[in-house]
Amino acid sequence: MESLKNPDFKRVYSSGRSRADRSIVMYVLENGLDRNRIGITVSKKVGNSVVRSRVKRIIKEAYRLRQTSFVPGWDIVVIARGSSVDKKSTDMEKSLMKLAANLKIIRSGDEE
């Protein structure tokens, strides 16, 4: 799992497509590579550093568990919303997969 750098975040925000639900916002943009790169952002509005780190870990783990379901070649930025603090990893995984399916970056047959 490769991470995005700051210029990559800006490029995905400005040129990418997005979808959102109650817990997360997902931006995606094709990167021309043979792999996906992911970036996770959690605002200070969500909570203190311990809370933000926990939310990042949950999102990262949700992606790791299902990364084979994603079509390769995308830069993915996930932004956690305030309501994501109360979510369990299974709920976060469902949100991630639902938004990815809406953005059509899931392999056919892997949608939930």
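This one's a predicted model, so the numbers in the text were calculated from it and none came from an experiment.
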Closest contact, heavy atoms only, [X] versus [Y]:
X     : Y     : answer
Val25 : Ala20 : CG2-CB, 3.8 Å
Asp34 : Pro72 : O-CB, 3.5 Å
Asn36 : Gly73 : OD1-N, 3.0 Å
Gly39 : Phe9  : CA-CZ, 3.5 Å
Ser23 : Ser95 : OG-OG, 3.5 Å

Please check if [X] and [Y] belong to a single hydrophobic cluster, counting links between Ile, Leu, Val, Met, Phe, Trp and Tyr side chain heavy atoms closer than 4.5 Å.
X     : Y     : answer
Leu4  : Val78 : no
Leu99 : Met92 : yes
Phe70 : Val77 : no
Trp74 : Ile79 : no
Val12 : Ile38 : no

Partners meeting salt bridge (Lys or Arg N to Asp or Glu O under 4.0 Å) with Arg81 (sequence neighbours left out) =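 Expected list: none.
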From [X] [atom1] over to [Y] [atom2], what is the distance, rounded to the nearest 0.5 angstrom?
X      : Y      : atom1 : atom2 : value
Arg54  : Ser84  : CZ    : OG    : 9.0 Å
Met26  : Met97  : CE    : CE    : 8.5 Å
Ser69  : Ile105 : OG    : CD1   : 11.0 Å
Lys87  : Glu93  : NZ    : CD    : 14.0 Å
Leu103 : Leu29  : CG    : CG    : 11.5 Å
Thr41  : Tyr27  : OG1   : OH    : 10.0 Å

request  = Give me the one residue out of Ile76, Asp21, Ile24 that meets side chain to side chain contact (heavy atoms under 4.5 Å, CB included) with Leu96.
outcome  =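 Result for side chain to side chain contact (heavy atoms under 4.5 Å, CB included) with Leu96: Ile24.
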ask   = So with a 6.0 Å cut-off around CZ of Arg17, is the heavy-atom count from everything else above 12?
value =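 Yes, because the 6.0 Å sphere around CZ of Arg17 holds more than 12 heavy atoms from other groups.
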Check ion pair Arg11-Asp8 (N to O, under 4.0 angstrom) =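 Looking at Asp8 together with Arg11, the answer is yes, because their closest N to O distance falls below 4.0 Å.
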query = Hey, does Ser83 have a side-chain heavy atom less than 4.5 Å from the side chain of Arg22?
reply =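 The answer is yes; the side chains approach within 4.5 Å.
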